[in-house]
Colleague: 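Quick one: this structure, given as structure tokens, is what I'll be asking you about.
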Amino acid sequence: MYMLDWITKKTSKPDFRPLVAELEGIIEGTGQWLLDHKDFKSWMEEPDKGLFWVYGNYGCGKTHLAYRVIQQLNHRCNTDPRASLAYVYCSILQQETDVNTNHAYISLLGSILHDLYGRLPENQDLDILVRLRKEQKQIDGLTIETAIRDLISKLSMTFIVIDGLDELERISK
């Protein structure tokens with residue numbers, strides 16, 4: 001847990017709880033069509049197929065769909081010890097970070113790193129993070145990217161949900 005605290009301090013993991021509380025109030029069954037869709041079911045059964053992309057215009061409900069997908073994946077992680085999940089709501093990053101795109105990028109990656117690191121077996125660690133912590137160095141984007149790749153290679157099945165990536169693009173203009 002010490003390493004998780006250090007990652008959080010160095011990358012400022014956003015607090016998604018207020019948004020999640022809001023999303024919990026959506027009408028039951030909203031977005032079920034996506035969870036029932038054959039492409040989604042296929043991706044859930046064979047996540048190594050790669051990317052499952054949901055796109056649409058700004059404000060059309062993608063965050064609600066992401067929430068439903070995250071709920072489904074959380075259930076999967078609770079019932080399948082091989083499964084790991086990291087998720088980010090970029091609208092929260094926009095609220096919690098300044099307009100500095102690099103800071104939002106570090107926060108996004110740091111959130112993913114934090115979530116995935118929490119699924120790593122206790123007897124394993126990432127050499128790159130151990131070294132940085134020992135040397136008391138700052139974490140940069142490239143280091144976090146490398147750590148995430150290392151984590152994914154150590155975990156059996158990894159799901160990453162990024163909602164509202166277009167939000168980061170809008171704040172950088």
Colleague: Rounded to the nearest 0.5 Å, how far apart are OH of Y117 and OG of S84?
Modeller: 13.5 Å
Colleague: Given side chains that start at C-beta, do those of V54 and D163 come closer than 4.5 Å, heavy atoms only?
Modeller: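 No. Closest side-chain heavy atoms not under 4.5 Å.
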Colleague: Identify the two heavy atoms, one from G110 and one from I144, that lie closest to each other, and give their separation to 0.1 Å.
Modeller: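 So the minimum-distance heavy-atom pair works out to N-CG2, 4.1 Å.
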Colleague: Would you say the side chain of N57 lies within less than 4.5 Å of the side chain of K62, judging by non-hydrogen atoms?
Modeller: no
Colleague: Tell me which donor-acceptor pairs under 3.5 Å the side chains of residues 33-41 have, and how far apart each pair is, sequence neighbours excluded?
Modeller:
residue: D36; atom: OD1; partner: Q32; partner atom: NE2; Å: 3.0
residue: H37; atom: ND1; partner: D39; partner atom: N; Å: 3.0

Colleague: Throw together a table of side-chain donor-acceptor distances under 3.5 angstrom for residues 153-160, partners on residues two or more places apart or in other chains.
Modeller:
residue: S153; atom: OG; partner: D150; partner atom: O; Å: 2.7
residue: K154; atom: NZ; partner: D125; partner atom: O; Å: 3.4

Colleague: May I ask you to test the N74-L85 pair for a side-chain heavy-atom distance under 4.5 Å?
Modeller: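 Counting from C-beta outward, N74 and L85 do come under 4.5 Å.
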Colleague: With I112, which of I152, I162, V161 fulfils side-chain contact (heavy atoms from CB on, under 4.5 Å)?
Modeller: I162
Colleague: Test: salt bridge (charged side-chain N to carboxylate O under 4.0 Å, His left out). Region: residues 79-88. Which pairs qualify, not counting sequence neighbours?
Modeller: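 Salt bridge (charged side-chain N to carboxylate O under 4.0 Å, His left out) check on residues 79-88 returns R76-D80, D80-R82.
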Colleague: To the nearest 0.5 Å, tell me how far L151 CG sits from L116 CG.
Modeller: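 One finds 5.5 Å between CG of L151 and CG of L116.
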Colleague: Apply side-chain hydrogen bond (donor to acceptor under 3.5 Å, both in side chains) to T146 and list each qualifying residue two or more places apart in sequence or on a separate chain.
Modeller: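 Partners of T146 by the side-chain hydrogen bond (donor to acceptor under 3.5 Å, both in side chains) criterion come out as none, since no residue qualifies.
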Colleague: Rounded to the nearest 0.5 Å, how far apart are SG of C77 and CG of D115?
Modeller: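 So the gap between those two atoms works out to 10.0 Å.
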Colleague: My understanding is that only residues two or more places apart in sequence, or in another chain, count here; which of them pass side-chain contact (heavy atoms from CB on, under 4.5 Å) with E45?
Modeller: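 E45: no side-chain contact (heavy atoms from CB on, under 4.5 Å) contacts found.
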Colleague: Are L109 and Y105 close enough, and set up right, to give a side-chain contact (heavy atoms from CB on, under 4.5 Å), and what steps lead you there?
Modeller: CA-CA 6 Å; L109 290 177; Y105 177 68; 3.3 Å; yes
Colleague: What pair of heavy atoms forms the shortest contact from C90 to G164, and how long is it?
Modeller: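 Scanning both residues, the minimum pair turns out to be CB-O, 3.0 Å.
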Colleague: Output the distance between atom CD1 (I70) and atom CD (Q72), rounded to the nearest 0.5 Å.
Modeller: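 If I round to the nearest 0.5 Å, the distance is 12.0 Å.
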Colleague: Taking all atoms of both residues into account, what is the closest heavy-atom pair of Y89 and Y67, and its distance?
Modeller: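 It is OH-CA, 3.5 Å.
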Colleague: Tell me, yes or no, whether the heavy-atom count around N78 atom CG, taken from other residues, nucleotides or ligands under 6.0 Å, exceeds 12.
Modeller: yes
Colleague: For L51, what are the other residues in its hydrophobic cluster, where any two members join if their side-chain heavy atoms are less than 4.5 angstrom apart?
Modeller: W53, Y55
